[in-house]
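Let me begin by presenting the structure, written as structure tokens, before commenting on it.
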Amino acid sequence: MGTILLKNAHLLATFDEGRQEIAGGGVFVRDHVIDAVGPSGELPDRADRVFDLAGHVVLPGLVNTHHHMFQSLTRAVPAAQDAELFGWLGALYPLWARLTPEMIRVSTLTAMAELLLSGCTTTSDHLYLYPNGCRLDDSIDAAGEIGMRFHACRGSMSVGESKGGLPPDRLVEDERAILADTQRLIETRHDPEPFSMLRIGVAPCSPFTVSPELMRESAALARHHGVRLHTHLAENTSDVAYSREKFGKTPADYARTLEWVGPDVWHAHCVQLDQAGIELFGRTGTGVAHCPSSNMRLASGIAPVRRMLDHGIGVGLGVDGSASNDGGHMLGEARQALLLQRVGFGPAALSARRALELATLGGARVLGRDDIGCLAPGMAADIVAFDLERIGFAGGLHDPLAALLFCAPAQVSLSLVHGRPVVEEGRLCSLDPRPVLERHNRLAADLVRGEA
């Protein structure tokens with residue numbers, strides 16, 4: 001892949017162990033790995049490609065720890081605009097039952113393009129329904145096409161309305177088939193090596209859509225193969241009430257009894273995680289994907305992120321589904337995390353730098369990665385740069401790193417994933433988005449009209 005030199009950054013924030021912030025900093029990349037970081041004058045002065053980043057802030061690529069990319073087809077659907085979680089799902093399940101493999105592929109390309117343009121270089125996705133021949137492979141192939149580092153979670157639903165679950169029966173799968181397909185994906189698609197571009201996660205959807213037996217067997221399967229576990233937990237008060245009524249336990253205690261805690265597990269949301277659950281997660285190294293925009297959109301509440309951090313819980317950020325956020329701007333999500341913690345817990349609850357740390361190093365740790373999330377020699381060359389000369393930053397250069405969040409969210413100017421430029425001068429260069437967006441809008445219209 002050759003060498004790349006990034007030089008003369010107005011400010012380079014490493015998020016490494018020393019949390020260095022280097023004025024006039026730069027990065028030298030060899031193949032897909034960072035070779036050197038420091039003041040530009042101390043780096044090699046020649047490379048196969050050179051990017052002069054004067055007037056830019058440079059930082060590690062952002063890491064998205066929770067998403068449902070297929071939902072970009074059902075943004076702003078009127079029937080789901082003013083509902084909480086269970087009502088919102090009830091309005092959208094009938095639409096999602098018409099999803100096709102092409103819709104999965106195109107929605108993945110669209111969602112990933114949006115993430116890349118917002119400064120995200122690594123993303124997870126939680127695909128938990130598979131109607132009409134859809135497969136997780138449809139998402140995986142799209143990720144390879146656009147060039148994004150991907151943690152693909154094989155989600156599932158097995159308990160439909162007839163068995164006391166929330167989803168329609170036509171959207172659930174047989175549990176044996178779920179486990180067999182999950183094993184197939186791990187054995188054929190998962191890459192456990194350092195700098196991997198694709199890893200598979202095991203991800204039953206939620207306590208109200210799968211059985212305790214599937215949760216247990218999924219955990220056993222994941223641990224046998226050394227892959228990570230992911231699900232939704234304690235998203236809102238209805239979620240908590242369901243767990244108490246159905247299982248006689250809080251969501252955190254339910255997870256504990258199923259062996260769904262530990263350093264190989266991360267749970268999405270945890271908005272209503274109680275103090276005992278926070279202490280449990282802290283003791284066991286269980287991670288959390290915090291999704292502030294979705295939590296606000298669905299009126300789920302304010303996740304106690306400050307208390308989670310104080311108890312040593314690993315926290316990353318997630319944009320969540322594009323129908324419960326209606327956007328996929330990762331830098332914007334970090335801004336929302338900052339603002340929402342302050343609304344709930346005061347102005348000192350979360351600083352701009354700590355919020356950016358959640359979006360980079362925090363997300364990497366939640367996904368079990370020690371090769372991304374900071375800029376240091378030996379780390380993957382996932383690097384982003386934001387142009388400070390845009391109007392949204394005018395008057396905010398007293399602290400340009402904090403300005404990334406205190407000012408309006410910006411699009412990325414340059415993005416490298418695995419040492420490959422995927423965004424240059426603010427434009428996606430790994431894929432022409434215009435035909436993808438045209439097709440995406442047609443498919444979304446067909447889906448909602450019932451013509452799919």
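Note that these values count all heavy atoms, side chains included, but never hydrogens, waters or copies made by symmetry. Quick note: residue numbers are just sequence positions, from 1.
In this structure, the ring of Phe281 has its center no less than 6.0 angstrom from the ring center of His311. Aromatic ring centroids of Phe208 and Phe86 lie under 6.0 Å apart. Under the 6.0 Å cut-off for aromatic ring centres, His230 and His66 qualify, their centroids lying closer than that.
Side-chain N or O atoms of Thr74 include none that pairs as donor or acceptor with a backbone N or O of Ala323 at under 3.5 Å. Arg19 contributes a side-chain N or O that, together with a main-chain N or O of Asp16, makes up a donor-acceptor pair within less than 3.5 Å. Remark: side-chain polar atoms of Glu235 are not paired, donor with acceptor, to backbone N or O of Asn295 under 3.5 angstrom. His126 places no side-chain N or O within donor-acceptor distance of the main-chain N or O of Asp320, the cut-off being under 3.5 Å. Without hydrogens or angle criteria, Thr182 side chain to Val202 main chain gives no donor-acceptor distance under 3.5 Å. Here the side chain of Asn325 pairs a donor or acceptor atom with the backbone of Gly327 at under 3.5 angstrom. No side-chain donor-acceptor contact under 3.5 Å links His418 to the backbone of Ala381. Between the side chain of Thr14 and the main chain of Gln20, a donor-acceptor pair closer than 3.5 Å is present. No donor-acceptor pair under 3.5 Å is formed between the side chain of Thr3 and the backbone N or O of Val29. Under the 3.5 Å distance criterion, the side-chain polar atoms of Thr231 are matched with a main-chain donor or acceptor of Pro204.
The side-chain heavy atoms of His290 and Leu358, taken from C-beta on, include no pair separated by under 4.5 Å. Counting only heavy atoms from C-beta outward, the side chains of Tyr93 and Leu166 approach each other to under 4.5 Å. Considering only heavy atoms from C-beta on, Leu11 stays 4.5 Å or farther from Val58 through its side chain. For the pair Leu62 and Val412, the minimum side-chain heavy-atom distance is 4.5 Å or more. Side-chain contact check for Leu404 versus Cys407: every heavy-atom pair is 4.5 Å or farther apart. Residues Thr65 and Trp266 meet the side-chain proximity criterion, which asks for heavy atoms closer than 4.5 Å. At least one side-chain heavy atom of Val319 sits under 4.5 Å from a side-chain heavy atom of Leu115. Contact of the Met148 side chain with the Thr121 side chain is not registered, since no non-hydrogen atoms from C-beta on lie closer than 4.5 Å.
Look at Glu438 and Arg442 and you find a salt bridge, because one of the NZ, NE, NH1 or NH2 atoms lies within 4.0 Å of a carboxylate O, short of that distance. Salt bridge annotation for Arg154-Glu173: present, with a cationic side-chain nitrogen under 4.0 angstrom from a carboxylate oxygen. Under the 4.0 Å criterion applied to side-chain N and carboxylate O atoms, Asp181 and Arg184 are assigned as salt-bridge partners. Salt bridge Arg297/Glu84: absent, no basic N to carboxylate O contact under 4.0 Å. Using a 4.0 Å cut-off between charged nitrogen and carboxylate oxygen, Arg223 and Asp264 count as a salt-bridge pair. A salt bridge is defined here as a Lys NZ or Arg NE, NH1 or NH2 lying under 4.0 Å from an Asp or Glu carboxylate O, and Arg135 with Asp141 fails to meet this definition. Remark: Glu102 does not engage Arg105 in a salt bridge, criterion side-chain N to carboxylate O under 4.0 Å.
Of all the heavy atoms in Leu5 and Pro44, the pair that sits closest is CD2-O, 3.3 Å. When all heavy atoms of Leu233 and Asp239 are compared, the pair lying nearest together is C-OD2, 3.9 Å. Closest heavy-atom contact between Asp326 and Ala76: OD1-N, 2.8 Å. Annotation for Ser351 and Arg354: closest pair OG-N, 3.1 Å, computed over non-hydrogen atoms. Minimum heavy-atom separation, Val288 to Cys270: CG2-SG, 3.9 Å. Across all their heavy atoms, Asp191 and Ser196 have their closest contact at O-OG, 2.7 Å.
Distance check, rounded to the nearest 0.5 Å: CZ of Arg449 to CZ of Arg98 gives 10.5 Å. The structure places OG1 of Thr122 at 10.0 Å from CE of Met330, a figure rounded to the nearest 0.5 Å. In this structure, Arg365 CZ and Arg369 CZ are separated by 14.5 Å, a value rounded to the nearest 0.5 Å. Going from atom CZ of Arg199 over to atom SG of Cys153 covers 12.5 Å, rounded to the nearest 0.5 Å. Note that CZ of Phe15 and CG of Leu401 are 5.0 Å apart. Values are rounded to the nearest 0.5 Å. Remark: Met69 CE to Ser139 OG distance equals 7.5 Å, nearest 0.5 Å.
A 6.0 Å sphere centred on CD of Glu425 holds no more than 12 heavy atoms belonging to other residues, nucleotides or ligands. Crowding of Arg427 atom CZ: a count of heavy atoms from other residues, nucleotides or ligands under 6.0 Å not exceeding 12.
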(message) Walk me through whether Leu428 and Ile146 qualify under side chain to side chain contact (heavy atoms under 4.5 Å, CB included).
(response) CA-CA 9 Å; Leu428 195 67; Ile146 201 169; 4.2 Å; yes
(message) Checking Phe406 against Asp399 for the side chain to side chain contact (heavy atoms under 4.5 Å, CB included) test, could you report, in this order, the C-alpha distance in whole Å, the side-chain angles of both residues, the deciding distance, and whether it holds?
(response) CA-CA 10 Å; Phe406 282 116; Asp399 185 345; over 6 Å; no
(request) Assess whether side chain to side chain contact (heavy atoms under 4.5 Å, CB included) is satisfied between Leu375 and Ile34, documenting all intermediate values. (result) CA-CA 7 Å; Leu375 303 181; Ile34 294 173; 3.9 Å; yes
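Judged by distance alone, the side chains of Ser324 and Ser294 do bring a donor and an acceptor atom under 3.5 Å apart. Residues Thr110 and Ser107 bring no donor and acceptor atom of their side chains to less than 3.5 Å of each other. Residues Thr123 and Asn64 bring a donor and an acceptor atom of their side chains to less than 3.5 Å of each other. Remark: the Ser72 side chain and the His440 side chain contain an N/O donor-acceptor pair separated by less than 3.5 Å.
Relative ring orientation between Trp88 and Trp96 is described as perpendicular, the plane-to-plane angle rising above 60° on a 0-90° scale split at 30° and 60°. Using the six-membered ring where Trp is involved, Tyr128 and His232 have ring planes that are perpendicular, over 60° apart on the 30 and 60° scheme.
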